[in-house]
Protein chains: 2
Amino acid sequence: MSVDEQSRPPRVKRLPREVRERQILDAAVRVFSQHGYHNASMDEISEVAGVSKPMIYAYLGHKEDLFAACIRREAGLLMEAIAASVQADLPPDMQLWHGLRAFFHFVATQRESWRVLHRQAISQGGPFSDELLAMRTRAITLVDALLVRYATARGLDDAATSSTEAHAAALVGAGESLADWWLDHPEIPEKTVASWLMNLVWMGLGNLVNGTVWTPTPE
Amino acid sequence: MSVDEQSRPPRVKRLPREVRERQILDAAVRVFSQHGYHNASMDEISEVAGVSKPMIYAYLGHKEDLFAACIRREAGLLMEAIAASVQADLPPDMQLWHGLRAFFHFVATQRESWRVLHRQAISQGGPFSDELLAMRTRAITLVDALLVRYATARGLDDAATSSTEAHAAALVGAGESLADWWLDHPEIPEKTVASWLMNLVWMGLGNLVNGTVWTPTPE
DNA sequence: TCCGAAGCCTACTTGCTAGTAGGTATGGCG
DNA sequence: CGCCATACCTACTAGCAAGTAGGCTTCGGA
């Protein structure tokens, strides 16, 4: 029904605003990730956070605002984690590799953040999804840039470059899906999963650039 | 606010049960796909369907049941469409190819069905997602079987076979994501999109089986 | 022509939860 | 000390939407 007692912050009094805001956001992420946006009640969030409901409204605003704040914070953390792992002077394949590893690492260590980002945010067709969709688009664009750099470095042909954005979208989706799959198979090391995806996408693209493409046998 | 007038069924009287059930399901898929499960109201569905609310309860049961019925019907249609396109005696790559084309064709022609399947069902953490998650798992298993057949036909090594399920998960996710991307780029022909994905995954896998893998340069 | 079943509706109840009104402690500071 | 801002709470209200009670027509068959 509700979240573990033990991790609930003890009811302390008169803490400064920043601290309370953090506690509330933490609680909100947990509750949203467990029940989804609509089934999460402000009452439960306030209970988990160890404050009363009006505090939430005073500090973070309405339910929508609160949710958006969660998304923004968690998405920011994810993007930061990825950005921190990537050095701009490395070749594109190594950049992608490090980015992927950071991504999977984030998923493994911040499950609840990941759930709220992946499952909840997209499905709510409101003002939220914009926030999240924008983030996702940013990720796709980033990957796209890598692919373009890669294709340009090799002998590119027009067909290949026009499709990098689609490939980036496919990669991001594959990463999300693979991350979910991985959550059910925790025995696989993170490095292994990352390398699977790396190979799948990067080498598939490599062939495409080389002109070694698969074509259906005529019917 | 609500769905187009013109496509709403005219208020006819005393139709047989099967017809009304179809109308209700059609309406429910539309409304669920537009507003999401929670924001969809039974009142709106009944209005769009051209019947009164108690009819829905009499024929399809509670809101959850109705939603599950939608999922089951639409998922069934999708799986049927894919199954119908695949001939079991073809080689695995051709099977995958035809399956992918059927999938993208479905997404293009049944947008609302796709939306309700992809966006809504998974995110609702209730009894529904089970229904849908099972479907998705079935799809992954199906693809996995193809990959295994393929890997076995070539010289397989253990590492490659142990990872086919993960690759299947990645492919399914890539397909979903690419489908979404494609909805925003309708100028691309279906065949092209399908071939991108086909190449990306199939040839990536091909390299993996051959032992031509990407590895990070030592740091 | 009577009767039951199937099709269908209007109008209600009810429960839940977002959001608020209006207050009480507590600490700092002039 | 006395004032104000900040931190915080216990109640409430209000409104939406799920689900239902109870009844009214129409059709087919005995």
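Note that the structure is predicted; figures quoted are calculated from it, not measured. Note on naming: letters A, B, ... go to the chains in the order of the sequence lines (proteins, then strands), and numbering restarts at 1 for each one. What's counted below: heavy atoms across the whole structure, side chains too, no hydrogens, waters or symmetry copies.
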Which one, C/dT10, D/dC9, D/dA7, comes nearest to the side chain of A/Y59?
D/dA7
Are a donor atom and an acceptor atom from the side chains of A/W214 and B/D93 found within less than 3.5 Å of each other?
yes
To the nearest angstrom, the CD1-P distance between B/I56 and C/dG7 comes to 16 Å
Per the atom types in the model, does the base of D/dT6 pair as donor or acceptor with the side chain of A/R14 at under 3.5 Å?
yes
Report the nucleotide, chosen from D/dT10, D/dT20, C/dC8, that has the shortest atom-to-atom distance to any side-chain atom of B/S52.
C/dC8
Think A/R17 has a side-chain N or O under 4.0 angstrom from the OP1 or OP2 of D/dA7?
no
Quick one: A/E21 CD to D/dA7 C1', roughly how many Å, whole number?
13 Å
Rounded to whole angstrom units, what separation is found between the CG atom of A/L15 and the P atom of C/dG27?
12 Å
Ring centre gap for A/F104 and A/W114 strictly below 6.0 Å
no
B/S41 side-chain N/O to B/E44 backbone N/O, donor-acceptor pair under 3.5 Å
yes
Is A/D65 salt-bridged to A/R72, going by a charged N under 4.0 Å from an acidic O?
no
Whole angstroms only, please: what is the CE-P distance between B/M55 and D/dG19?
17 Å
Specify the separation, in whole Å, of atom CD of B/E47 and atom P of C/dC9.
13 Å
Please check if the side chain of A/H105 supplies one atom and the backbone of A/R101 the other of a donor-acceptor pair under 3.5 Å.
no
List every contact pair, protein side and nucleotides 16-19 of chain C side both N or O, where the distance is under 3.5 Å.
unit_1 : atom_1 : unit_2 : atom_2 : d
C/dA18 : OP1    : A/A40  : O      : 3.4
C/dA18 : OP1    : A/K63  : NZ     : 3.1
C/dA18 : OP2    : A/M42  : N      : 2.5
C/dG19 : OP2    : A/Y57  : OH     : 3.4
C/dG19 : OP2    : A/K63  : N      : 3.1
C/dG19 : N7     : A/K53  : NZ     : 3.0
C/dG19 : O6     : A/K53  : NZ     : 2.7

For the student: nearest non-hydrogen atoms of A/I188 and A/W182, plus distance
O-NE1, 2.9 Å
